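The block underneath contains the structure these notes are about, expressed in structure tokens.
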Amino acid sequence: MTTPTENNASHPKMPEKTHQTTDEFINEFIDEFIAKAVFNKQGLIPAIAQDVHTQTVLMMAWMNADSLRLTLEKQEMVYYSRSRQQLWHKGETSGHTQKVHRIMLDCDADALLAQVEQIGGIACHTGRNHCFFQEYTPSGIKINTPVIKSPTAIYSSSD
């Protein structure tokens, strides 16, 4: 006859009841994920945004530990702008935010892949649905994606 402990051997032990809140558990998991990420000498990690529905690669930008933390907390992409040297909540001026569905580290933990829902359908500051529109061909560079909305129209309404 087996004991109850032997019957449950394949199941992990349930954590002891503590006074931690759900937010504290979530923060613990966020801390663990950030600690696992390998940032470069500048404290940055490349982040690729991919459309969760079409699998199209939308853009690549950089994140630091603070932007990664905010992304995981808000479930919206927050990047680090190297040119402005500040956090950049994607869509804060254009309204074209990126809602996070999944975020993953690669095998070396030195690059991120975020599967996102691109709100408004425009990921690129040029007004296209993705940033990878300049394609090499043997006869020259081809623009493979049309502008959906002109950058002037996108950014002129934002102050």
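Values in this document were obtained by computation on a predicted structure and should not be read as measured data.
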With side-chain contact (heavy atoms from CB on, under 4.5 Å) as the test, would you mind laying out the steps for Leu113 and Gln50 before giving the verdict? CA-CA 7 Å; Leu113 175 64; Gln50 178 185 44; 3.8 Å; yes
Kindly indicate, with the supporting measurements, whether the criterion side-chain contact (heavy atoms from CB on, under 4.5 Å) is fulfilled by Gln118 and His130. CA-CA 10 Å; Gln118 181 62 58; His130 63 81; over 6 Å; no
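Among residues two or more places apart in sequence or in another chain, the side chain to side chain contact (heavy atoms under 4.5 Å, CB included) test is passed with Val38 by Ala109, Asp110. Every residue meeting the side chain to side chain contact (heavy atoms under 4.5 Å, CB included) condition with Cys124, not counting sequence neighbours, appears here in chain and number order: Thr126, Arg128, Cys131, Phe133. Every residue two or more places apart in sequence or in another chain that forms a side chain to side chain donor-acceptor pair (under 3.5 Å) with Asn64 is listed here: Ser67. Residues satisfying the side chain to side chain contact (heavy atoms under 4.5 Å, CB included) criterion with Gln42, sequence neighbours excluded, are Asn40, Leu44. Residues forming a side chain to side chain contact (heavy atoms under 4.5 Å, CB included) with Phe39 (at least two apart in sequence, or on another chain): Ile34, Ala37, Ile45, Ala65, Leu68. Partners of Trp62 by ring-ring contact (aromatic ring centres under 6.0 Å, His included), not counting sequence neighbours: none found. Every residue two or more places apart in sequence or in another chain was checked for a side chain to side chain donor-acceptor pair (under 3.5 Å) with Asp106, and none qualifies. Residues meeting the side chain to side chain donor-acceptor pair (under 3.5 Å) test with Ser81, sequence neighbours left out: Ser83.
Counting only residues at least two apart or on different chains, no salt bridge (Lys or Arg N to Asp or Glu O under 4.0 Å) pair has a member in residues 71-88. Contacts classified as salt bridge (Lys or Arg N to Asp or Glu O under 4.0 Å) and involving residues 49-69 (residues at least two apart or in different chains) are given here: Asp31-Arg69. Within the structure, ring-ring contact (aromatic ring centres under 6.0 Å, His included) contacts touching residues 78-122 (residues at least two apart or in different chains) are Tyr79-Trp88.
Results of the side chain to side chain contact (heavy atoms under 4.5 Å, CB included) test with Met77 over Leu70, Thr71, Thr97 single out Thr71 as the only residue that passes.
Residues Gln115 and Met104 form a side-chain contact, since some pair of their non-hydrogen atoms from C-beta on lies under 4.5 Å apart. Looking at Thr145 and Phe132, their side chains never come closer than 4.5 Å, going by heavy atoms from C-beta outward. In this structure, the side chains of Ile30 and Ile26 come closer than 4.5 Å at one or more pairs of heavy atoms. Considering only heavy atoms from C-beta on, Phe33 stays 4.5 Å or farther from Lys36 through its side chain. Residues Val52 and Arg102 form no side-chain contact, since every pair of their non-hydrogen atoms from C-beta on lies 4.5 Å or further apart. Lys149 is listed as a side-chain neighbour of Ile154, based on a closest heavy-atom distance under 4.5 Å. Residues Leu72 and Ile103 meet the side-chain proximity criterion, which asks for heavy atoms closer than 4.5 Å. With a 4.5 Å cut-off on side-chain heavy atoms, Asn129 and Ile122 do not count as touching.
Criterion: ILVMFWY side-chain heavy atoms under 4.5 Å apart, direct or through other members. Under it, Val100 and Val78 are not part of a common hydrophobic cluster. Connection of Met63 to Ile48 is not established within any shared hydrophobic cluster, with ILVMFWY side chains joined at heavy-atom distances below 4.5 Å, either directly or through further cluster members. Val147 and Tyr155 fall into different hydrophobic clusters, defined by Ile, Leu, Val, Met, Phe, Trp and Tyr side-chain heavy atoms under 4.5 Å apart, directly or through other members.
Within 6.0 Å of the CD atom in Gln55, the count of heavy atoms belonging to other residues, nucleotides or ligands exceeds 12. The local environment of NE2 in His125 is sparse, with at most 12 non-hydrogen atoms from other residues, nucleotides or ligands closer than 6.0 Å.
Scanning all heavy atoms of the two residues, the minimum distance from Ile148 to Gly121 falls at CD1-O, 3.7 Å. Taking both residues in full, the closest heavy atoms of Ala153 and Ser156 are given as O-OG, 3.8 Å, listed atom of the first, atom of the second, then distance.
Between the side chains of Thr54 and Thr56, at least one donor N or O sits under 3.5 Å from an acceptor N or O.
Between the CD atom of Glu32 and the CG atom of Asn27 there is a distance of 12.5 Å, given to the nearest 0.5 Å.
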